[in-house]
Every structure is written in structure tokens, then in C-alpha cells.
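Along the sequence shown, the residues carry numbers beginning at 1. As the structure lists them, so they are numbered: ligands from 1, and atoms in each ligand from 1.
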Amino acid sequence: MKEIAELVIPWLEEAASVLREKMLEPLEVETKSGRNDLVTNLDKATQAFLVGKIQEHFPEDDILGEESGFNQEVDWQKRVWIIDPIDGTLNFVLQKQNFCIMLALYEKRQSRLGFIYDVMAGKLYWGGRDLGVYCNQEKLRPPKAMRLADGLLGMNAYLYAHNLCNAQAVGDATAGVRIMGCAGLEMIAILTGQQVGYLSNLQPWDYAPGCALLDAFGIPYTGADKAPLNFSGRQPFIALSQPAFAEFQKSF
Ligand code: IPD
Ligand code: CA
Ligand code: CA
């Protein structure tokens with residue numbers, strides 16, 4: 001896996017550097033499912049670039065990607081690459097920061113590698129169950145274990161505002177709620193111990209890269225409402241530090 005990671009990292013460096021340059025030009029923005037669900041020319045170009053690299057080096061592997069052409073069913077018995085070319089597109093368009101490029105490699109539904117590139121911070125979080133977790137060249141130590149009350153909980157705004165999945169009660173049990181609008185950054189916040197967890201409603205490309213890194217640290221996650229993650233369509237998602245996860249499973 002180390003060799004594959006070393007092959008992939010320069011792809012992401014190149015994709016990030018192109019994004020930083022091209023985002024200064026006028027963006028072509030289209031809506032998808034609604035006025036807050038955006039896709040830009042750079043989401044499409046980044047996905048096309050990563051698809052091209054994967055198909056060149058691993059023609060046998062399947063690809064699941066957020067943008068059109070690749071967001072259909074894949075054969076999970078094969079190796080599957082999962083691409084979220086820009087996670088936090090609304091932030092990308094409106095803030096020009098707080099977005100990530102994300103990529104994961106799964107094999108028989110098991111995570112192998114995850115990559116989350118915080119583009120404007122220039123920080124690539126990467127690794128997997130065989131490698132541990134790195135930020136650029138630095139190997140990270142697992143975050144300290146936290147109970148719900150010990151830490152901040154990342155949350156999806158809609159889920160919190162509409163109190164889905166017991167969101168308000170879970171939030172009240174923590175030190176406080178934070179909303180970033182970027183699943184990748186929420187995952188980074190858990191990996192670095194800045195947050196106790198993340199409660200959201202996600203697609204496979206939103207959670208697969210982060211889950212590969214959570215697996216490397218043994219940090220638990222599940223579909224909320226007691227359903228396992230199914231890697232198909234949008235579903236509630238929760239990841240929490242182990243003690244907080246045990247509390248969540250007992251009380252919510
Ligand atoms: C979205 C972001 C957001 C989360 C949404 C995702 P996108 O991804 O991660 O934080 O709340 O559920 O769809 O569409 O910007 O790649
Ligand atoms: Ca996206
Ligand atoms: Ca996303």
C-alpha cells in the first residue's frame with residue numbers, strides 16, 4: 001500500500017496546485033439536486049484528472065466518483081477507488097477556502113487507503129490501516145480518547161436545524177457543536193483530536209476517505225439510526241472517539 005500511496009500523492013499535489021491556480025479565474029457553476037448543491041467546472045476537471053490517472057495505472061479497478069459518469073453502482077468485490085473531487089463545493093465557491101480533495105481505495109469493502117487534501121492549508125492527510133496516518137511527511141499519533149462531554153462535535157447544519165438523528169440531544173451532551181460544511185475537514189478534526197466526532201448525512205465519497213483514516217486509528221463510525229454504512233446513496237453517519245461512541249450507542 002505504501003507504494004500505491006507514493007504513486008497517488010503527486011497526483012493530488014498536482015490536482016491541488018491546478019485548483020489553486022484555476023480558482024482565480026471565473027468559475028462555471030451549475031446546480032445539481034438544489035440551489036445549495038453545486039458543481040463547478042473545477043469539480044469536473046479534478047475528477048476527470050484523477051479518473052485518468054487511476055485508469056492509466058490500475059485499469060482493472062472500479063471507480064466511484066461524485067460527479068456524473070462515475071456516481072453509479074460499482075462491483076465492491078473488486079478494488080474500488082472513490083473520488084470526491086472537491087468536498088465542500090459551496091465553501092469553494094463562496095469562501096475560496098475550507099474545501100478538500102478526497103480519494104480512497106477500498107478492496108472487498110475494506111478500506112485500504114484514504115487521502116484528504118486541505119487544499120488552501122497545503123496539508124494532505126493520508127494513510128490507511130497498514131500505514132498509520134500522516135499529515136504531509138509527519139506521522140500522526142492517534143488523538144486522545146474522549147467522552148462526549150470532553151469535546152466539540154462536528155455537525156451537518158440541516159440535520160442539526162431539523163433535529164434529525166437526535167442531533168440536538170447528542171450535541172447537548174458534548175462540549176459544543178461546530179459546523180464546517182466540509183466532511184473532509186470534519187474528519188481531519190477528529191483525526192487530530194480537535195473534535196470528539198462528526199454527525200452528518202453523507203454519500204460514500206463524503207465518508208470513505210475519512211473512514212479509511214479513522215480505521216487506521218481504530219476510531220469507530222457507523223450509519224446513524226443503528227444502520228451500518230451501506231456505501232450506496234446518502235445516509236446518516238456518525239464517527240466518535242471510542243468512549244463517546246460507547247455513550248452514544250447506549251443513550252441515543
Ligand atoms: C458536502 C459537504 C458537506 C456535507 C454534505 C456533502 P460536497 O459535500 O461535505 O459538509 O454536509 O452532506 O454533500 O457536495 O461539497 O462534495
Ligand atoms: Ca464534492
Ligand atoms: Ca463531498
Side-chain angles (χ1 to χ4, degrees), residues 12 15-16 18-19 22-23 27-51 63-72 81-104 114-120 125 152-165 167 170-171 177-191 194-195 197-214 221 223-224 229-239:
L12 296 170
V18 171
L19 264 191
K22 298 270 186 194
M23 65 191 267
L27 290 173
E28 292 160 33
V29 184
E30 292 165 53
T31 55
K32 295 194 285 186
S33 61
R35 71 181 181 89
N36 299 329
D37 185 13
L38 306 181
V39 59
T40 73
N41 54 315
L42 296 182
D43 295 72
K44 293 179 192 173
T46 304
Q47 176 166 303
F49 170 77
L50 292 174
V51 164
I63 300 174
L64 180 69
E66 177 177 9
E67 306 309 341
S68 90
F70 287 90
N71 50 12
Q72 304 297 318
W81 294 84
I82 304 161
I83 305 170
D84 189 338
I86 299 180
D87 178 53
T89 299
L90 208 48
N91 291 350
F92 175 67
V93 172
L94 298 177
Q95 301 181 317
K96 297 277 195 277
Q97 60 178 345
N98 301 320
F99 62 90
C100 303
I101 301 172
M102 303 207 291
L103 181 64
F115 304 84
I116 304 177
Y117 203 138
D118 179 346
V119 173
M120 300 315 282
Y125 293 82
L152 298 166
L153 182 67
M155 191 85 82
N156 168 275
Y158 186 89
L159 198 130
Y160 193 41
H162 296 265
N163 196 22
L164 306 175
C165 304
V170 181
V177 167
R178 295 292 180 270
I179 295 173
M180 295 190 197
C182 174
L185 290 182
E186 302 277 12
M187 298 290 197
I188 291 171
I190 301 174
L191 295 164
Q194 294 173 39
Q195 284 182 184
Y198 177 42
L199 175 57
S200 194
N201 187 34
L202 300 176
Q203 295 271 11
W205 41 80
D206 299 315
Y207 59 72
C211 288
L213 301 178
L214 295 174
Y221 53 83
L229 290 177
N230 58 22
F231 286 83
S232 162
R234 194 175 283 280
Q235 76 178 110
F237 171 90
I238 187 150

If we set the cut-off at 4.0 Å for heavy atoms, which region of C182 has an atom near ligand 1: side chain, backbone, both, or neither?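 Looking at C182 and ligand 1, just backbone atoms fall under 4.0 Å.
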How does I86 reach ligand 1, if at all, at less than 4.0 Å between non-hydrogen atoms: by side chain, backbone, both, or neither?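 Just the backbone.
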Numbering as shown, the atoms of ligand 1 that approach [X] to under 4.0 Å (heavy-atom distance):
X	result
G181	2 (C), 3 (C), 10 (O)
E66	14 (O), 16 (O)
D87	1 (C), 2 (C), 7 (P), 8 (O), 9 (O), 15 (O), 16 (O)
N201	12 (O)
D84	16 (O)

When you measure from [atom] to every protein heavy atom, which one gives the shortest distance, and what is it?
atom	value
atom 13 (O) of ligand 1	R234 NH2, 3.3 Å
atom 11 (O) of ligand 1	N156 ND2, 2.9 Å
atom 7 (P) of ligand 1	G88 N, 3.6 Å

Might you confirm whether atom NZ of K96 has over 12 heavy atoms from other residues, nucleotides or ligands at distances under 6.0 Å?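 Correct, the count exceeds 12.
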Just checking, is any N or O donor in the side chain of Q47 or E66 under 3.5 Å from an acceptor N or O on the other one?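 Absent: no donor and acceptor within the cut-off.
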Report yes or no: do Q203 and D206 form a side-chain donor-acceptor pair below 3.5 Å?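 Side chains of Q203 and D206: no pair found under 3.5 Å.
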Do [X] and [Y] make a side-chain contact, defined as non-hydrogen atoms from C-beta onward lying under 4.5 Å apart?
X	Y	result
W205	M102	no
M155	R178	no
Y221	F237	yes

Compute the ring centroids of Y207 and F231, then answer whether they are less than 6.0 Å apart.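 When the ring centroids of Y207 and F231 are compared, they turn out to be within the sub-6.0 Å range.
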Is the backbone N or O of D118 less than 3.5 Å from a side-chain atom of N98, with the two atoms forming a donor-acceptor pair by type?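 Checking the backbone N and O of D118 against the side chain of N98, no donor-acceptor pair under 3.5 Å is found.
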Side chain or backbone, does T89 bring an N or O within less than 3.5 Å of an N or O on ligand 1?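 N/O-N/O distance under 3.5 Å: yes.
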How about [X]: does one of its N, O or S atoms come closer than 3.0 Å to the Ca ion (ligand 2)?
X	result
D84	yes
V39	no
E66	yes

Grab the two heavy atoms, one from D87 and one from A183, that are nearest each other, plus how far apart they are.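 Minimum heavy-atom separation between D87 and A183: OD2-N, 3.0 Å.
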Please find the pair of heavy atoms, one from P204 and one from P209, that lie closest to each other, and give the distance.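 Here P204 and P209 meet closest at O-CD, 4.3 Å.
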Looking only at N, O or S atoms, which one in D87 sits nearest to the Ca ion (ligand 3)?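 Within D87, restricted to N, O or S, the Ca ion (ligand 3) is closest to atom OD1.
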Relative to the Ca ion (ligand 3), which of the N, O or S atoms in D206 is the closest?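 Answer by atom name: OD1.
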